[in-house]
Every structure is written in structure tokens, then in C-alpha cells.
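Quick notes on the structure that follows.
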Amino acid sequence: NIVERIQKLLNHEIDIAVAHRRPDLTLIIAKKLFSDSAKLVVSKSLVSKSSGPLHQHFKSHEFLKNTPCIAYGEDMHLLTDWAKFAKIDLTDLKVKALCQDWLSIVAMVEAGIGFSIVPSRLSFSNNVHSFEIQDSVIPKADFYALFHRDMKKSPIISQAFGLKESPIV
């Protein structure tokens with residue numbers, strides 16, 4: 001989780017971390033890597049063939065209440081935003097797994113464990129339906145490289161992120 005990663009950065013246990021939130025700490029520098037939209041993904045094995053248009057199916061209360069889902073992060077922010085859009089109470093969803101690792105979520109969706117809301121950059125096999133979500137529904141997320149400000153002295157970090165060490169006055 002992000003708190004653990006930041007603590008490791010502060011303790012110099014790791015050099016760099018990636019997060020989708022910019023921490024408000026003077027000792028941690030955050031450099032934006034990229035922005036990404038969200039998409040809903042579900043194994044084809046979990047979608048009935050007679051369900052009609054997929055984009056309608058994915059926001060139907062029947063689908064959302066009866067299909068297990070996999071949520072990312074402790075706050076489940078992507079799933080929470082989707083539930084608001086679909087006008088369904090988050091507690092009505094069947095959260096099968098809560099995970100902090102995108103690759104594990106990919107594997108669970110591929111295995112048919114449930115649907116999920118994930119960054120668009122993640123790729124899936126042809127056995128998975130993918131539905132791009134408009135940025136007006138779930139705004140694009142920014143992803144940041146985080147590092148301790150002492151790392152500005154590292155030639156690799158300063159070159160990679162275009163940093164200059166500021167003189168101490």
C-alpha cells in the first residue's frame with residue numbers, strides 16, 4: 001500500500017515507488033509519469049450471450065448485484081465511482097477480492113473470478129470483455145514516480161526526471 005511505500009522511501013529502503021496519488025510531504029518528490037482512463041473488464045464466461053448491448057449490461061443492477069467483483073485498493077475508489085454512475089449502493093456489490101496489485105487483478109479477471117474496473121493500459125486476453133469508461137464517469141488518474149528528495153543527487157534519477165539539485169543556501 002502507498003503508506004508502506006512512502007515509509008520505505010523515507011527510510012531509504014527503496015529508491016522509487018509508483019503511486020496514483022501525489023503525497024503532500026516535503027521529503028518526497030512526485031513526478032508525473034502518465035495519465036490513464038479506466039475500463040470495466042469481465043471474463044466472457046461471466047456474461048450471458050443474450051444480455052443485449054455490453055455497455056448497457058455492465059451498468060445494469062442485475063449484473064452488478066449478481067456478478068462477483070474485484071476491487072483495487074483499500075478505498076475501492078474506481079469501483080465506488082462506477083457504483084455512483086450506475087446508481088447502485090456499493091454494499092450491494094459482491095466484492096470477492098480486495099487487491100493492491102494490478103497484475104493479480106488481471107489474473108483473477110482472466111480466471112473468471114469477477115469483473116473489475118482497471119486502468120486502460122492493462123491488457124487482457126481475448127477471453128475478456130473490455131468496456132472503456134468515459135472520463136466524465138471516472139476521471140483520468142495520474143500516476144507518479146515517487147522518490148526521497150535526497151535521490152536528486154543520484155545521476156540516474158536526476159537524468160530520468162530532469163531534476164537539478166538546488167544549491168543549499
Side-chain angles (χ1 to χ4, degrees), residues 1-25 27-47 54 57-59 63-86 88-135 137-148 151 154 156-157 160-161:
N1 90 24
I2 187 62
V3 174
E4 291 170 358
R5 285 180 277 169
I6 289 174
Q7 193 60 50
K8 286 182 178 191
L9 287 169
L10 291 170
N11 293 335
H12 297 286
E13 294 173 39
I14 60 174
D15 293 333
I16 194 164
V18 177
H20 67 275
R21 292 199 179 114
R22 184 182 207 132
D24 187 19
L25 297 169
L27 290 176
I28 300 296
I29 295 173
K31 287 293 184 175
K32 185 175 170 182
L33 295 172
F34 61 90
S35 295
D36 202 2
S37 297
K39 64 183 176 181
L40 186 146
V41 290
V42 62
S43 171
K44 290 180 179 179
S45 67
L46 294 177
V47 179
L54 286 178
H57 184 70
F58 291 149
K59 63 183 178 181
F63 171 80
L64 294 172
K65 286 183 178 182
N66 296 321
T67 308
C69 62
I70 305 151
Y72 177 82
E74 293 172 8
D75 63 354
M76 302 189 304
H77 64 284
L78 293 172
L79 194 59
T80 301
D81 288 349
W82 185 252
K84 285 179 191 172
F85 169 71
I88 189 168
D89 193 296
L90 191 61
T91 59
D92 288 339
L93 300 178
K94 295 168 68 173
V95 179
K96 187 87 165 182
L98 184 61
C99 189
Q100 300 278 346
D101 178 58
W102 290 118
L103 296 179
S104 295
I105 291 175
V106 168
M108 287 187 269
V109 169
E110 293 277 358
I113 292 172
F115 77 90
S116 191
I117 310 292
V118 301
S120 290
R121 289 180 187 253
L122 293 180
S123 56
F124 292 82
S125 73
N126 291 335
N127 296 325
V128 173
H129 286 299
S130 179
F131 172 68
E132 294 293 324
I133 298 172
Q134 294 177 1
D135 294 342
V137 174
I138 298 179
K140 280 187 177 184
D142 293 330
F143 288 80
Y144 298 91
L146 308 178
F147 47 92
H148 194 286
M151 292 302 294
S154 163
I156 294 171
I157 297 290
F161 295 104

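Residue numbers start at 1 and run along the sequence shown.
- Remark: Asp89 pairs with Thr91 by the side-chain hydrogen bond (donor to acceptor under 3.5 Å, both in side chains) rule, at least two apart or across chains.
- Using a 30° and 60° split on the angle between ring planes, Phe34 and Phe143 fall in the parallel class, below 30°.
- Interatomic distance, Phe131 CZ to Phe115 CZ, rounded to the nearest 0.5 Å: 12.5 Å.
- Heavy atoms from other residues, nucleotides or ligands lying under 6.0 Å from NZ of Lys84 number 12 at most.
- Residues Lys94 and Lys65 come closest through the heavy atom pair CD-O, 3.0 Å.
- How far CG of Leu10 is from CD of Gln7: 5.5 Å, rounded to the nearest 0.5 Å.
- Taking CD1 from Ile117 and CD1 from Ile133, the interatomic distance works out to 4.0 Å, rounded to the nearest 0.5 Å.
- Here the straight-line distance linking atom CZ of Phe63 with atom CG of Leu40 works out to 6.0 Å at 0.5 Å rounding.
- Note that the CG atom of Leu146 and the CG atom of Leu27 stand 13.0 Å from one another [nearest 0.5 Å].
- One distance of note links CD1 of Ile14 with NE2 of His148; it measures 11.5 Å at 0.5 Å rounding.
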>> Before you tell me yes or no, could you show the steps for Leu90 and Leu79 under side-chain contact (heavy atoms from CB on, under 4.5 Å), namely the whole-Å CA-CA distance, both residues' side-chain angles and the distance that decides it to 0.1 Å?
In response: CA-CA 8 Å; Leu90 191 61; Leu79 194 59; 4.2 Å; yes
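- Put simply, the side chain of Met76 reaches to within 4.5 Å of the side chain of Val95, judged on heavy atoms.
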Distance-only check: which donor-acceptor pairs under 3.5 Å involve side-chain atoms of residues 16-23, not counting sequence neighbours?
| residue | atom | partner | partner atom | Å |
| --- | --- | --- | --- | --- |
| Arg21 | NH1 | Asp75 | OD2 | 3.3 |
| Arg21 | NH2 | Asp75 | OD2 | 2.6 |
| Arg22 | NH2 | Ala30 | O | 3.1 |

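- With sequence neighbours excluded, the residues that form a salt bridge (charged side-chain N to carboxylate O under 4.0 Å, His left out) with Asp142 are Lys32.
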Side chains of residues 118-126: which donor-acceptor partners sit under 3.5 Å, not counting sequence neighbours?
| residue | atom | partner | partner atom | Å |
| --- | --- | --- | --- | --- |
| Ser120 | OG | Ser37 | O | 3.3 |
| Ser120 | OG | Glu132 | OE1 | 2.8 |
| Ser125 | OG | Glu110 | OE1 | 2.5 |
| Ser125 | OG | Glu110 | OE2 | 3.4 |
| Ser125 | OG | Asn127 | N | 3.1 |

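- For Gln134, the CD atom sits in a loose shell: 12 or fewer heavy atoms of surrounding residues, nucleotides or ligands are nearer than 6.0 Å.
- Closest of all the heavy-atom pairs between Ser130 and Val41 is OG-CG1, 4.0 Å.
- For the pair Leu93 and Leu64, the tightest heavy-atom approach, listed with the atom from each and the gap, is CD2-O, 3.3 Å.
- The minimum heavy-atom distance between Ile113 and Leu46, with the atom names listed, is C-CD1, 4.4 Å.
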For residues 98-109, run the donor-acceptor check on the side chains, cut-off 3.5 Å, and write out each pair with its distance to 0.1 Å, sequence neighbours left out.
| residue | atom | partner | partner atom | Å |
| --- | --- | --- | --- | --- |
| Asp101 | OD2 | Ser104 | N | 2.9 |
| Asp101 | OD2 | Ser104 | OG | 2.6 |

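- For Lys31, the side chain to side chain contact (heavy atoms under 4.5 Å, CB included) test picks out Ile29, Phe147, Phe161, Leu163, with sequence neighbours left out.
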